[in-house]
Structure formats: structure tokens, C-alpha cells
Amino acid sequence: MAPERTAPAPRPREEPAPRPGRVRSLLSARESPVVAALLVSLVFASFFLDMFATGRNMGFLLLSVAAIALMALPMTLIVITGEIDLSVASTLALSSATLGVLWEAGIPIETALLICLVLGAALGAFNGLLVTVFGLPSLAVTIGTMALYRGLAYVLLGDRAVASYPQDWVSGVRAPFLGIAGLPWIAVAILALAALFAVLLHATAIGRSLYDIGNNTEAARFTGVPVRRTEFWLFTLSGTVASGAGVFWTLQYGTSRADTAFGLELQVVAAVLLGGVSIFGGVGTVLGVMSGVLLLGTVRNALQLLGVSGDVLQIVTGLILIASVVGPNLVASLRRRIPVPTILRPPTHHGERP
Amino acid sequence: MTQQPPPAPPPLELVRVAKSFASVRALRDMSLELRSGEIHALVGENGAGKSTLVKTIAGVHRPDSGWIRADGVPVTFARPADAQRAGVAVIHQEPTLFPDLSVAENIFIGRQPRTRLRTIDRARMRRETEEVFNRLGVPLGPDHPARGLSIADQQLVEIAKALTRRARVLVMDEPTAALSGVEAERLFTVARTLRDQGVALLFISHRFDEVFALCDRITVVRDGSFVSCDPAADLDVDTVVRRMVGRGVDTLYPKQETEPGRVLLEVEGLTRGGVFDGIGFTVRAGEIVALAGLVGAGRSEVVRALFGVDRYDAGSVRVGGARLAQGDPKAAMAAGLALVPEDRREQGLVMEASIARNATSTRRGALSRLGLLTSRAEDEACRSWGERLSLKYRRLTDPVSTLSGGNQQKVVLAKWLATGPSVLFVDEPTRGIDVGTKAEVHRLLSGLAGEGLAVVMVSSELPEVLGMADRVLVMHEGRITAELDRDEADEESVMYAATGQPPREALR
């Protein structure tokens, strides 16, 4: 019964040609379904909706997702490390309210804008401090600061609105890029920023360490990754970008209100998860997230063109979010033909009586 | 005990079982016969198919071909519950109990006895728990909370759980890997008691002294196939090792003689309240210093503090004469320290990440050009270390979790050796890896010391300590109780110091 085979020699087996591996990894990547869904929905919408593929509508679509896209970028990094920042929409609102108060007080808009960014950094740093120094869960911390920052916005503005912004700034943020209709310059700027984030996440030492933190914080620590410092700076970055989004939002609509962008953080999180980032950390790409943002925007835009009401839009957004979270797990469990998760060891299965 | 098999058919038998996962043939032709009243050892290198075999017996995997017979009758284990019903129980290396429940509650979880009023019959639970512990000869109370039990005690709770389910086949998968000598001895007493009561036991271990001391028959497996099954009395360690690896292993502990160089690491008065106290030692270039002692003596905690993963309350650490700031692994790495941690799955590796990313995670900065880190740079760096350590892998982009334990350990070693350290801490460098790889690791460490590396090795395996170390520091309850030179250190002197007892008393 002894096998007649010889023992395998302990030499390293070379990798087969890299191409098939690359193609396979492209096909099996988590973000591929989103990219595909985006392309399909774009084709469908332009085919069935006459109004969709017009320059005017494209410009409208891109402007409507700009703030979400901006905030989704740092959110991607944060979720990959296994944390979350739910205070982004409130940070946006507080930044917008601050801009309004400063502008009313006669401070030049350039200065006011800078102050807002610094304030955003401080708000993010406060989140980061609570999470890293006090070791509190970011979910709890940022739900708290979500309410806190929104409350501060109300303190500043009450139920007033500030709408006296200079007209050239207001039309300036909506201006097309190089005069191309349907392509606001802000979309190009966000694309460039997304490229920067993609490089940071996918082609630098820091980016790699974010995945390590999300997958196994302990191992990251043992490898010399400054886990807490990294997280602190991610939250600071998130606050800064959210307040940048607030400035953009204010000028885009030409108005500051305390209740602005209420609930927008959920759309940001939805887009990030839809883009294939795992809520448990350790997985995700910038390409996927940007596709998720555009997919959400496209679906909403198409439904709006069909005259669907805002309430229904809300419901659809919720359903897409659930699908994006359930989908990968469903696929994974279908792939695994054995119904028992490997994490559950046999002795932990109980239930029958002797 | 008799060598004659009982006339009844064996309670569990595997016949020519095969099992593949995608392209990997985990089991090719596996046969195993577990008889009542017998302790059966299963030995083989990591990746030989032992885990798959255990999971097949436990009903987690269904064989592609071959049969499982219980009491001579062919059975199908479609799910773990089927195996449990057939009387099979598996005791894992690290049991998973509910920490907030008592011992008795853990034992009867999900099948608590009921009173007539359909409430839980706590008195009966307690009584039956006491009965089963009496049967095992173990002084554990039924009301003790599971939290705070040692791993050894947790295993006993699992065994008790199995017995209350009337298990007749008990599989122990590397149960002693995390146990101290005393604890392992107590487990063996329990195992022998069960054998004498007619239970069939399967014992999986990498430690040959245990296998030969405890087991009646030994089955050797290699590459997913059955190789041999003989009474332990007819075998010796050399024969078993040769059958396991399919070739001879030259020498297990190839320690090179080296002349110690200058002092590289000086530790003075290192103290962390309640964990370790007044630790002081020096390590020279080219030396291998072993930290021996029982599990829980504080050895791992010391190296973790030295490397900066944990903090300490008092004391100083100098590397090459310069004071090292505490609590900063990055500074420790910059000073030339490296730590191959105890738990490679939780601390050493990011299991989901690829082989290449893990192997290069310690020097991403150095591999970056203009701040940019490419997969190509990582792959190249990893491949060259893969060759040096004869790493076996399919693709560098595969998750490191797809590798066998020994190869995973090689990735951890590669990751740290690539930083070019001057002082290397290795914590249980060969835990749970097969003999062949073990010898490779030992040869590697010895060779590195020969090139002037200072090595601090934490190990619970005495033969490894005695075979590899130039000096042995023995720890007991957070203190260094003995410093022994290579020629002073032997099994007895180390064990006495490790148990904190005056020589010539108790233990082994």
C-alpha cells in the first residue's frame, strides 16, 4: 500500500506566466461587478432615456455626486482599516455654516475658505483623537460627533440661511472644464484627486499598511506599522476633505444652511460598500468606490428623469446598499459548496441530544 | 493492556479515502483503523493531510472516494452532527468555550437536561459533570467559570463534553502544542484512563517523545497517503522520521560552533508589573541564547517588550551600546531588531494578504522608488528569499493562508531576515511545523548565528533548546532562575529551574 512516488524535492516552484493570473484576478476582483453594473446602467439609461445622455444632464449628474465622491475617497481608506467615519455630512454642514458666518462678518472669501479647511482638519483630528488615544470604537465616536457637529452648525446659523455669496464664485464652481459641456471642472479635479488616492492606496508603503491594519491589526503592529498614528491622520484627512466638500457644496448651491446635506453620510458609506470595500476592513479599491459613487448617481438620476419621487429614491438607495453588503457574502457562500463556514469548528456545533 | 485487537469490529475505520480541494489532492489513499481501548498516533509532516483526515472523521469534509465504517458498518458523515452521533469527538489544540458560562454549562451547552417543569436541571448538570471529572480523575469544579481556565483545563472540559455525549472515538489534534510538561503529563493520564475504559483515541503530535510514551500504534502518513501502521513497540524515532519525510533527516540540531563577538544586546532590570521582574542579560554577535521555561513564565512577554510591541515599567534596553526607546517597534527595527512572533497566524502574518506582500511587509519603504511601491518590486524581493529558504508555493499572489504551517513560518522568517537584523528574536520558531522544515529552520538559525547574528530564541521544546543554544536562560514566574552554559544545560537542570524547584525533586 505504500506509495511508489518519490518525495517532492524542496525547490521553489516558479510562478506560471503572470498574464492568466492577472486576467483571473481582474475577473474575480470584488469591484468588477460594480464596474460592470455601472457600464450596463449607463448604456441602458442612454438607450431608454432621451434626456440622459445630454451634456446638460451629464453635468447635472456629475455635480450631484461630486460631494459624495470627494468624501468617499478618505472614507475608503478608513473603511479599509476597519473603521468608519459617520460624521462627514455633519462636518460638511458645520464647514458650510462657518463659511456663511465668516462671509457675513465681512471676511474675504479666500480667507474664510482656508479657515473652513483648518476647522475641518480639527474636527477630523478630534474624531481621530477619541478613536486612537481613548481607544473608542469609531462607529460610536462618529455617531456622537455626527450629532455634535450638526448641533454646532445650528448654533452658528439657527434656521437662517446665508445666500449672499459672490455670484462669480457660485457660477465658478459649476463651470465646465475647458468649455466642454457636461464636464464640470470639479469632476476633473475629483478624478485627479481619486488618481492620487489610488496611487496612495495601491502603490505606496502606507497604502499596503492600511490593508494590513484592516485585516490583522495585531500583525500590523508586530511589523512596525504605527497603527494609531495612521488612523489619527486618516480621520484628520477625512475631516479636511469633508469640509472641502462643504465649501464646494455651499458655493454650488449658493447657500449655507445648518440642515444641509442631512443624511448624506449614508450615501457616502453606501457608495463605498457598493464599490466592493469590505465593511470588515482589509479589502477595497479606489476604482471600485468611484464606480460605486457613479452607479448610485446614475440610478438616482435615471429614476429622477422617470419622475420617480424622492421617497422612492431613498428606498432604492437603501436597497442598493443592502444588496452591496449582502451580495459578496451571498456569492462567497454559493462558491463554498459546503454550508459550514470554515471558521466554525466542528465541536462548536451543538444541537442534538445524545 | 493487550496487543491483540478485540474481536468486535473497530468503532471507526477509514478505507482508501481520497479528498481533493480544487486542484489540491489533500488525501489520496488514506486508511486508518481506530480500535477500542487503544491510543493510536497519527504522524506526518505538515501538509501530509492530517488536518483533512481529522476533518473527514469529524464530518466537516466528505470524502470523494473510499469508505468510512463505524462498527464495521459503512456510514456517511454529511455534517459534524452525523459524526457526533456516531460517537466521534475532536479535541482541538485550542478549545473554544464560552468564557462567561460555567464548566458544567459549557459541557451541556445546547442539550441541557430539563426538569419536569422544562427548566434547566442544574443539579443534574452539576452532578453529571462531577461524575465525568471523577471518571477522568481531574479536580475541576462544575461551577468554575470557563474564563481563566488554562488551555489544558479547557481541553479537559472538551473531553468531558465528549464523554457526556458518550463519545467512543476521541481525536486529539496536537493537544500538547500549547501545554507545559506537567499539563501534558496530566492529559496523558486522562488519555490512558479513557483507553482503559475502552475508548478509541487518535493522538496527533509532532513530538516523538510523547508519541512513543503514550501510543500503542503509530500510523505514518505522507503526501495524503497511508505509509505504514505498526505497534509503537516495533518502531523507533529514526524509522518514523524516515517514513514521514521519505528520506533521512541528517541531523535535527546542526549547531555550528561560533566564537561570540561583541555585545549586541544588553537588557538591564527589565520589569513589567505582574508579568516579568528584573530581567537582565546580554547577547553577543554569533550567539544563540535560549529563553526556556514553562508556558506562562513570561518569556514571550519579555521579547515582546524588548521589540517594543508591549511597554515595560522599568529597566533599560541597549542595542549595540545605544539606548532603545520603548514601545516603538519601528525604532526597534531601525536599531536592527527583528521579532518572529509566537503566533504566526495572529501576529506574524496577515493571512488574507498574499505571500509576496507578507514577505515584504517589513521593508516597503526600502523597496519603494520615489515613494512608489510596485507589486513587481515586492514579487522580485519575495522570490529571491523564497529561493533562499526553499519556500514551496504556487503563486506569489496566493494568500499566505494557502501555505502549509512550515512554509508560512518561512515567510515570517523571510520577512524579518530581509530587514538585515543584527539581533533576531524568535518565539517558538518551530511550533507546529514538520520535522523536515524544522531541521531547515534550525540549520538556518545556526548558519545566521555563524555569520554574526545574535539570536534570542524562546522555545518550549527542550531538545530544541539544548540542541541549538550556546546559553540557556531559564525563566520561572517572570524571573530568570538560571543561566546555564551549553555544557551545563541538560534536561534536568533546565526543568528544575523552569519549575522553580530545588534540584532532585518531582517532575519527570
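A note on names: the letters A, B, ... follow the listed sequences, proteins ahead of strands, and every chain is numbered from 1.
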(request) Give, as side chain, backbone, both or neither, the part of B:L372 having an atom under 4.5 angstrom from any heavy atom of chain A. (result) both

(message) Do A:P226 and B:K330 make a side-chain contact, defined as non-hydrogen atoms from C-beta onward lying under 4.5 Å apart?
(response) yes

(request) Measure the CD-OG1 distance between B:Q347 and A:T223 for me, rounded to the nearest 0.5 Å. (result) 10.5 Å

(request) Just give me the residue among B:D398, B:L349, B:L339 that pairs up with chain A most often, heavy atom to heavy atom, under 4.5 Å. (result) B:L349

(request) Would you mind telling me which of B:K415, B:R363, B:R62, B:E378 has the largest number of heavy-atom pairs within less than 4.5 Å of chain A? (result) B:E378

(request) Count the heavy-atom pairs under 4.5 Å between each of B:V309, B:L97, B:T360 and chain A, then report the option with the highest count. (result) B:V309

(request) Kindly compute the distance separating OG (B:S375) from CZ (A:R208), expressed to the nearest 0.5 Å. (result) 5.0 Å

(request) Measure distances from B:R304 to the heavy atoms of chain A and classify the residue's part below 4.5 Å as side chain, backbone, both or neither. (result) side chain

(request) Can you tell which part of B:T374 gets under 4.5 Å to a heavy atom of chain A, answering side chain, backbone, both or neither? (result) backbone

(request) Could you tell me whether B:R388 atom CZ has more than 12 heavy atoms of other residues or ligands within 6.0 Å of it? (result) no

(request) Could you look at A:V199 and say if it's the side chain, the backbone, both or neither that has a heavy atom under 4.5 Å from chain B? (result) side chain

(request) Search all heavy atoms of A:G224 against all heavy atoms of B:P329 and return the closest pair with its distance. (result) CA-CB, 3.8 Å

(message) If the test is side-chain contact (heavy atoms from CB on, under 4.5 Å), which one of A:D212, A:I206, A:T204 qualifies with B:R364?
(response) A:D212

(request) Report the residues that fulfil salt bridge (charged side-chain N to carboxylate O under 4.0 Å, His left out) with B:R168, sequence neighbours left out, ordered by chain and then residue number. (result) B:D71

(request) Name the region of A:T217, side chain, backbone, both or neither, that has any atom closer than 4.5 Å to a heavy atom of chain B. (result) neither

(message) For A:F222, give me all partners under ring-ring contact (aromatic ring centres under 6.0 Å, His included), at least two apart in sequence or on another chain.
(response) none

